[in-house]
Amino acid sequence: MTSLAVTDELFFQRAGLDQGRVERIVMDALAGTDDGEMFLEYSLSESLVLDDGRLRSAAFDTAQGFGLRAVAGEATGYSHASELSEDAMRRAAATVQAVRAGHTGTLAEAPIGTNLSLYTEDNPLTGVPFEVKVKLLAEIDAYLRAKDDRVRQVMASLAGSWQAVRIVRADGTHAADVRPLVRLNVSVVAQDGERMETGSYGTGGRVAYTSHLEPEAWRAAADEALRQAMVNLESVPAPAGEVPVVLGPGWPGILLHEAIGHGLEGDFNRKKTSAFSGLMGERVASPGVTVVDDGTIHDRRGSLSVDDEGTPAQNTVLIEDGILVGYIQDRMNARLMGTASTGNGRRESFAHAPIPRMTNTYMPAGRDDPAEILASVKNGLYAVAFGGGQVDITSGKFVFTCTEAYLIEDGKVGPAVKGATLIGSGPDVLTKVSMIGNDMELDPGVGTCGKDGQGVPVGVGQPTLKVDSLTVGGTAV
């Protein structure tokens, strides 16, 4: 069944809405504006958490509603409701019409339609019985405890959602998408003597639960969480100073996402509050550095067949060989900047207006051998995984905590370190990249990006990178 057929059943058959009257409400509400849409949503979500062999929580939620947006110039009127009725829509229309007072706009053309489907439309929440999911989490707990007697605590969780959306525009065009999303997380606490450390790992994507039920899949996630805990048990305090830093492939791309990707979003650049504002066509990174945002990768957590404005996802080159060539755009900011949407208009739910957001942001592979990159550093830091961080979009300055990092001693990976933080500026770091590995990886599918109070699933990735100089904050006395 196609996305349009699924959403036809949900909104115009089951909910009892009349498609023609809904289209008329949207047309009347947006008359005289520049842009806007009706966003209809029906979603199911669940989460199960097993802690120390016991099911600590199990939640299931159903949500539905609509959001109606009118855009006039730089102003946006937005009204939403969890009631799917024509009366609620008419009340919303009366609210958003206030934005067009004194404005006579010409509605922008609707996005070009697409038949592209980047993921299954099957509902992961209905395909696997509840008891099978609980058994999976219990097996993870037993597996880890049997594998190493230093394991003191295991927490395993499984989460999934199924979201069906329909976008209705004033010219009567429709776009639809049905989006599955699952995630498996494993966390381990290990103890050796008086010392206790943690390790965690997660995996997921726009797939069904089936892939996570296979023993080789969940065991790999459990093994990785245990490995990280054991590495941390042997770690030493991190030294501080300005040193060369080698960033590992995959998840370390979160630094690229936070410190650089947000600065390339259209709203920050239209308002000239980004460190990259006004630099289009100029060199902003070392030669060889390319950054893309690609929402078209099959089954990936950040991918979208169409965005939340109905624009098909795209593969957008942002930085090419060190030159800034593009921004991440939704429809409103693209129109105001005289460009086209890149399929990055995203919202957390029907209760939120769309804004420009990343999908899967990564740096493609280079030509350098990762072993040669490490060998080129006499003394430095090898950062493999990151936890939380803070970024100032206006300056690009960031602070990130390393959850797995090692000293580099005479070109070889040395002891693991604990408490290392990376401090720097995104634009500055890009100019200090001197080697780019041939081992590009995407993250395992666990990223969630926050912006303006909204969270959306995203992906990141990169190859092994050498940054010639970066400030490391440490805990060594």
Side-chain angles (χ1 to χ4, degrees), residues 45-51 118-120 122-125 127-128 132-144 147 151 153-163 179-189 198-232 248-257 294-295 297-304 358-362 384-388 403-404 439-449 455-463:
S45 62
E46 71 173 5
S47 66
L48 294 82
V49 179
L50 185 124
D51 191 357
L118 299 173
Y119 29 78
T120 178
D122 294 341
N123 187 343
L125 280 64
V128 180
V132 173
K133 300 169 189 174
V134 176
K135 181 183 177 184
L136 167 66
L137 300 180
E139 286 179 341
I140 293 173
D141 180 275
Y143 172 79
L144 285 168
K147 189 157 189 175
V151 171
Q153 183 180 10
V154 176
M155 185 169 73
S157 65
L158 197 61
S161 65
W162 185 81
Q163 180 195 41
R179 304 163 179 167
L181 191 67
V182 301
R183 176 171 170 170
L184 171 68
N185 272 80
V186 182
S187 179
V188 178
V189 177
T198 64
S200 62
Y201 187 75
T203 181
R206 294 200 181 278
V207 294
Y209 280 131
T210 311
S211 58
H212 297 305
L213 296 175
E214 298 298 327
E216 60 269 23
W218 64 257
R219 284 175 185 166
D223 288 343
E224 179 60 18
L226 180 60
R227 184 195 68 80
Q228 289 189 19
M230 296 307 162
V231 165
N232 288 331
W251 181 244
I254 190 65
L255 191 152
L256 182 77
H257 168 104
D294 188 357
I297 309 174
H298 282 266
D299 299 334
R300 295 301 303 183
R301 182 174 172 85
S303 295
L304 296 167
M358 285 172 275
T359 55
N360 304 298
T361 310
Y362 65 92
V384 177
F386 291 103
T403 55
E404 184 180 355
D439 58 342
M440 199 285 286
E441 294 180 10
L442 294 172
D443 78 283
V446 296
T448 297
C449 173
V456 296
V458 296
V460 299
Q462 67 173 48

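Just so you know, these numbers come straight off a predicted model, no measurement behind them.
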When you measure from the side chain of [X] to the backbone N and O of [Y], does any donor-acceptor pair fall under 3.5 Å?
| X | Y | result |
| --- | --- | --- |
| Tyr209 | Gly160 | yes |
| Trp251 | Phe386 | yes |
| Arg206 | Ser303 | yes |
| Thr203 | Pro444 | yes |

Does the side chain of [X] reach to within under 4.5 Å of the side chain of [Y], using non-hydrogen atoms?
| X | Y | answer |
| --- | --- | --- |
| Val134 | Leu48 | yes |
| Leu256 | Val460 | no |
| Leu144 | Val186 | yes |

Search all heavy atoms of [X] against all heavy atoms of [Y] and return the closest pair with its distance.
| X | Y | value |
| --- | --- | --- |
| Ala217 | His212 | CB-CA, 4.3 Å |
| Ala385 | Pro252 | N-CG, 4.4 Å |
| Ile140 | Ala222 | CG2-CB, 4.3 Å |
| Gln462 | Gly248 | NE2-O, 3.1 Å |
| Leu184 | Ala221 | CD2-CB, 4.4 Å |
| Val188 | Ala225 | CG2-CB, 4.0 Å |

Out of the candidates Trp218, Tyr201, Tyr143, only one should pair with Asp223 under the side-chain hydrogen bond (donor to acceptor under 3.5 Å, both in side chains) rule; please name it.
Tyr143
Side chain to side chain contact (heavy atoms under 4.5 Å, CB included) evaluation trace for Gln153 with Asp51:
CA-CA 8 Å; Gln153 183 180 10; Asp51 191 357; 3.0 Å; yes
Got a second to check how far [X]'s [atom1] is from [Y]'s [atom2], nearest 0.5 Å?
| X | Y | atom1 | atom2 | answer |
| --- | --- | --- | --- | --- |
| Lys133 | Leu125 | NZ | CG | 5.0 Å |
| Arg300 | Leu442 | CZ | CG | 4.5 Å |
| Asn185 | Leu158 | CG | CG | 9.5 Å |
| Gln228 | Ser187 | CD | OG | 9.5 Å |
| Ile297 | Tyr119 | CD1 | OH | 13.0 Å |

Should Leu181 and Gln163 be marked as a side chain to side chain contact (heavy atoms under 4.5 Å, CB included) after you check the CA-CA gap, both sets of side-chain angles, and the distance that decides it?
CA-CA 8 Å; Leu181 191 67; Gln163 180 195 41; over 6 Å; no
Side-chain donor-acceptor pair under 3.5 Å between Thr198 and Asn232, yes or no?
no
Does Asp443 pair with Arg301 as a salt bridge, N-O distance under 4.0 Å?
no
Begin with the C-alpha distance, continue with both residues' side-chain angles, and end with the deciding distance and a verdict on side chain to side chain contact (heavy atoms under 4.5 Å, CB included) for Arg227 and Glu404.
CA-CA 11 Å; Arg227 184 195 68 80; Glu404 184 180 355; 2.9 Å; yes
